[in-house]
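For reference, the structure discussed in these notes is given below.
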Amino acid sequence: MKRSHTCGALRGADVGKKVTLMGWVSKWRDHGGVIFIDLRDRYGLTQIVFNPEDEALHQESKQLRSEFVIEVQGEVHTRPEGMGNQNIATGEIEVIAQKMTVLNAALTPPFAINNEVEASEDLRLKYRYLDLRRPVMQRSMLLRHKVYQTVRRFFDENDFIEVETPILMRSTPEGARDYLVPSRIHSGKFYALPQSPQTYKQLLMVAGFDRYFQIVKCFRDEDLRADRQPEFTQIDVEMSFVEAEDVYSMVEELMGKILNDCLGAELPKSFRRITWDEAMNTYGSDKPDTRFGLELVDLSQTVAGSSFRVFNDTLEHGGAIKGICVPGGASFSRSKIDKLTEFAKNAGAKGLVAIKIGADDWDSNLKQFFSDEIRTAVLEEFGAVANDLLLIVADKLQHANEVLGDLRLHVAKNENLIPEDRNALLWVTEFPLLEYDPEEQRYVARHHPFTSPMEDDLHLLDSAPEKARAKAYDLVLNGNEIAGGSIRIHKRDLQNKMFSLLNIGEEEARNKFGFLLDAFEYGAPPHGGIAFGFDRLVMLLAGRKSIRDVIAFPKTNSAVSLMDGSPNTVDEKQLQELHIRLRQ
RNA sequence: GGGGCCGUGGUGUAGUUGGUUAACACGCCGGCCUGUCAAGCCGGAGAUCGCGGGUUCAAGUCCCGUCGGCCCCGCCA
């Protein structure tokens with residue numbers, strides 16, 4: 001290999017060595033006499049010096065421009081006294097060029113290849129290969145790489161085996177919209193791309209593989225968000241002969257390894273756990289960000305005797321009065337509170353009661369509706385003190401929770417109440433098994449149809465299925481769902497029962513999931529698992545706000561690739577082979 | 001499907017009430033300069049203001065439509 005060192009390698013100890021470096025011209029500084037080049041590769045920057053003494057070489061170096069790819073042979077020198085650069089790892093030395101070859105010239109890039117100037121994202125995406133040259137992007141991709149390796153090492157060391165499952169599979173009902181792939185060989189038939197390898201990993205358990213993992217692409221044809229791409233990566237895991245506790249401890253160990261190996265951070269040995277019910281009641285979210293307070297307080301009992309009609313009506317109809325207390329919020333302006341009200345209404349609230357706490361009492365015209373006792377009790381419930389602001393919602397319990405959960409996050413973001421330097425990891429457990437879908441007028445699986453109900457709630461499946469809890473769990477990091485899983489159903493009769501609850505008829509179940517049901521008849525072990533949103537995890541570890549920043553070639557909000565222009569039309573011949581005619 | 005923000009030289013922005021040659025920084029090109037590393041100094045080129053209509057004596061600015069990007073709701077088992 002001609003290249004002797006990378007651009008991040010040379011140090012004082014290398015002084016005197018003859019070296020050959022290759023890389024991109026990051027910057028050049030032409031002093032008329034001496035010319036400096038910052039040569040960049042993914043390992044770092046090295047300063048190359050062209051002295052005027054070698055006239056031919058000096059002339060050649062003058063033609064260099066940004067992003068030219070060059071090869072430089074030269075000798076490593078200590079920089080002159082006081083000329084070192086503390087900001088780069090190679091700042092102690094420089095390479096005095098003796099020979100230079102332009103390996104490839106380059107057009108002036110459409111945006112600067114550095115971390116300072118942030119070009120608009122559509123431009124970055126169009127020239128993604130240039131965007132990826134920027135050190136910040138290289139760091140993100142390197143972090144992603146480290147997480148892959150840590151994950152593989154961890155699972156390998158713990159007897160998990162990595163198995164690839166099909167990308168071309170059968171379209172399944174339930175869940176997200178499938179991406180479809182037409183079959184050329186079978187006219188009118190389609191494969192689907194997996195939303196997740198769920199059924200396959202369960203079949204691998206039936207097959208006796210015992211402990212499986214895979215870092216795998218999944219596809220969901222739904223609308224995009226900052227943390228949602230049509231194709232994304234999961235760490236998919238499944239284990240036999242386990243209960244939820246076994247999954248928790250495995251994940252806690254894995255997360256500890258990832259945090260430690262990739263960021264040098266420490267984690268508690270086990271994470272806080274909170275039931276779904278508690279999460280909703282305390283934080284108004286099934287993925288609560290617990291890095292800050294503003295917890296929801298239930299005032300239904302406390303204000304029961306007031307003369308405030310809005311509250312009393314709500315309580316009479318079985319609703320709840322709940323609120324949050326914003327420390328120091330009494331200083332909010334009228335318009336700021338109006339905006340909070342508007343936010344709450346957009347989130348689905350009928351209204352928002354805002355009460356400023358004065359020096360020794362409520363500073364509010366609602367005061368008259370509440371007795372001294374009630375006001376004191378309310379302050380106690382919140383632990384509120386002077387200059388706080390109470391934001392109160394009256395609604396059906398679940399609705400009030402959700403609105404306040406949104407409001408809680410909104411206020412925390414606006415008021416900078418979230419300590420960004422902390423990591424809060426927790427398990428949310430005991431999710432509801434089912435959810436009623438008013439559109440389809442049936443129950444749908446909250447997690448997926450293979451999730452086992454909790455034993456204690458099996459009796460509810462006939463009487464009050466909406467009350468049944470599942471052996472399902474999510475892992476939440478700083479208010480983001482980064483993993484979710486469950487203990488699965490492994491008995492055919494229970495699985496049949498589940499399908500019937502979901503209003504999936506026997507014939508339909510047989511048709512769509514027959515292979516899984518059959519498999520359950522041949523000795524399926526109890527099993528369960530979890531899947532991580534890999535991109536989200538890396539995004540959070542990298543401190544980025546969008547998973548696009550940790551995906552090499554992501555798609556835009558409208559699911560197109562600005563770089564290669566997909567999706568695109570295809571030739572009529574291709575369509576013909578696939579037996580497809582486009583509708584007008 | 002819906003709501004919000006944005007679109008001005010290569011890049012990032014300013015131009016807010018409509019009014020002369022659309023401004024600034026960086027970049028680019030040329031010149032000067034032997035120790036810079038956000039190099040410096042001098043000069044220059046470069047924009048039909050996303051696109052299409054409309055209102056007006058006059059539109060980057062106002063109105064309508066459209067395209068694109070971003071954020072959110074719905075959706076995402």
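Proteins get letters first, then strands, A, B, ... in listed order; numbering begins at 1 in each.
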Pick base, sugar-phosphate or nothing for [X], based on heavy-atom distances below 4.0 Å to the nucleic acid.
{"X": "Glu481(A)", "value": "nothing"}
{"X": "Leu123(A)", "value": "sugar-phosphate"}
{"X": "Arg548(A)", "value": "sugar-phosphate"}
{"X": "Asp30(A)", "value": "base"}
{"X": "Gly84(A)", "value": "base"}
{"X": "Gln195(A)", "value": "nothing"}

For the base of [N], is there a side-chain donor-acceptor partner from [X] under 3.5 Å away?
{"X": "Glu94(A)", "N": "rG35(B)", "value": "yes"}
{"X": "Asn346(A)", "N": "rG3(B)", "value": "no"}
{"X": "Arg225(A)", "N": "rG74(B)", "value": "yes"}
{"X": "Arg220(A)", "N": "rC75(B)", "value": "no"}

When the [atom1] atoms of [M] and [N] are compared, how many Å lie between them, rounded to an integer?
{"N": "rA45(B)", "M": "rG30(B)", "atom1": "P", "result": "15 Å"}
{"N": "rG74(B)", "M": "rC62(B)", "atom1": "C1'", "result": "33 Å"}
{"N": "rC73(B)", "M": "rU13(B)", "atom1": "C1'", "result": "31 Å"}
{"N": "rG65(B)", "M": "rU48(B)", "atom1": "P", "result": "26 Å"}
{"N": "rG52(B)", "M": "rU16(B)", "atom1": "P", "result": "23 Å"}
{"N": "rG68(B)", "M": "rG50(B)", "atom1": "P", "result": "16 Å"}
{"N": "rC28(B)", "M": "rG69(B)", "atom1": "P", "result": "29 Å"}
{"N": "rA25(B)", "M": "rU66(B)", "atom1": "P", "result": "39 Å"}

Specify the separation, in whole Å, of atom [atom1] of [X] and atom [atom2] of [N].
{"X": "Gln229(A)", "N": "rG69(B)", "atom1": "CD", "atom2": "C1'", "answer": "14 Å"}
{"X": "Ile113(A)", "N": "rC28(B)", "atom1": "CD1", "atom2": "P", "answer": "12 Å"}
{"X": "Ile35(A)", "N": "rC32(B)", "atom1": "CD1", "atom2": "P", "answer": "12 Å"}
{"X": "Arg29(A)", "N": "rA38(B)", "atom1": "CZ", "atom2": "P", "answer": "7 Å"}
{"X": "Asp178(A)", "N": "rC76(B)", "atom1": "CG", "atom2": "P", "answer": "12 Å"}
{"X": "Asn115(A)", "N": "rC37(B)", "atom1": "CG", "atom2": "P", "answer": "19 Å"}
{"X": "Met83(A)", "N": "rU34(B)", "atom1": "CE", "atom2": "P", "answer": "15 Å"}
{"X": "His77(A)", "N": "rC37(B)", "atom1": "NE2", "atom2": "P", "answer": "21 Å"}

Face-to-face stacking of His31(A) with rG35(B), centres under 5.5 angstrom, angle under 30°: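 No; centroid distance or tilt outside limits.
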Whether Phe111(A) stacks on the six-membered ring of rU11(B) base, 5.5 Å and 30° limits: no
Geometric class of the Tyr248(A)/Tyr473(A) ring pair [parallel <30°, tilted 30-60°, perpendicular >60°]: perpendicular
Plane angle bin for Phe499(A) and Phe513(A) - parallel if under 30°, tilted between 30 and 60°, otherwise perpendicular: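 Taking Phe499(A) first and then Phe513(A), their aromatic rings lie parallel (interplane angle under 30°).
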Which listed nucleotide ([options]) is nearest to the side chain of [X]?
{"X": "Val34(A)", "options": "rG12(B), rG35(B), rC29(B)", "result": "rG35(B)"}
{"X": "Ala226(A)", "options": "rG35(B), rG69(B), rC72(B)", "result": "rC72(B)"}
{"X": "Asp122(A)", "options": "rU34(B), rG69(B), rG30(B)", "result": "rG69(B)"}
{"X": "Asn87(A)", "options": "rG35(B), rG30(B), rA38(B)", "result": "rA38(B)"}

Comparing Glu121(A) and Arg446(A) on RNA chain B - which has the more 5′ nearest nucleotide: Glu121(A)
Comparing Pro52(A) and Pro109(A) on RNA chain B - which has the more 5′ nearest nucleotide: Pro109(A)
Step-by-step salt bridge (Lys or Arg N to Asp or Glu O under 4.0 Å) determination, Asp564(A) to Arg128(A): CA-CA 10 Å; Asp564(A) 58 45; Arg128(A) 189 58 159 181; over 6 Å; no
Evaluation steps, salt bridge (Lys or Arg N to Asp or Glu O under 4.0 Å), between Glu71(A) and Lys99(A): CA-CA 8 Å; Glu71(A) 171 188 339; Lys99(A) 186 169 179 244; 5.6 Å; no
Arg408(A) to Phe292(A) six-membered ring, cation-pi geometry met (6.0 Å, 45°):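 Output yes; distance and angle both within limits.
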Return yes if a side-chain donor-acceptor contact under 3.5 Å exists between [X] and [Y], otherwise no.
{"X": "Ser486(A)", "Y": "Arg488(A)", "result": "yes"}
{"X": "Thr275(A)", "Y": "Asp277(A)", "result": "no"}
{"X": "Gln234(A)", "Y": "Ser196(A)", "result": "no"}

Return the nucleotide paired to [N]: Watson-Crick means purine N1 to pyrimidine N3 with N6-O4 or O6-N4, wobble means G-U with N1-O2 and O6-N3, both under 3.5 Å.
{"N": "rC26(B)", "result": "rG10(B)"}
{"N": "rU17(B)", "result": "none"}
{"N": "rC5(B)", "result": "rG69(B)"}
{"N": "rC76(B)", "result": "none"}

Can you see if the side chain of [X] gets near the phosphate of [N] - specifically, an N or O under 4.0 Å from OP1 or OP2?
{"X": "Lys27(A)", "N": "rA38(B)", "value": "no"}
{"X": "Thr108(A)", "N": "rG10(B)", "value": "no"}
{"X": "Asn557(A)", "N": "rC71(B)", "value": "yes"}
{"X": "Ser558(A)", "N": "rG69(B)", "value": "yes"}
{"X": "Arg228(A)", "N": "rC70(B)", "value": "no"}
{"X": "Arg65(A)", "N": "rC29(B)", "value": "yes"}

Stepwise side chain to side chain contact (heavy atoms under 4.5 Å, CB included) test for Leu125(A) and Asp131(A): CA-CA 7 Å; Leu125(A) 289 175; Asp131(A) 189 38; 5.8 Å; no
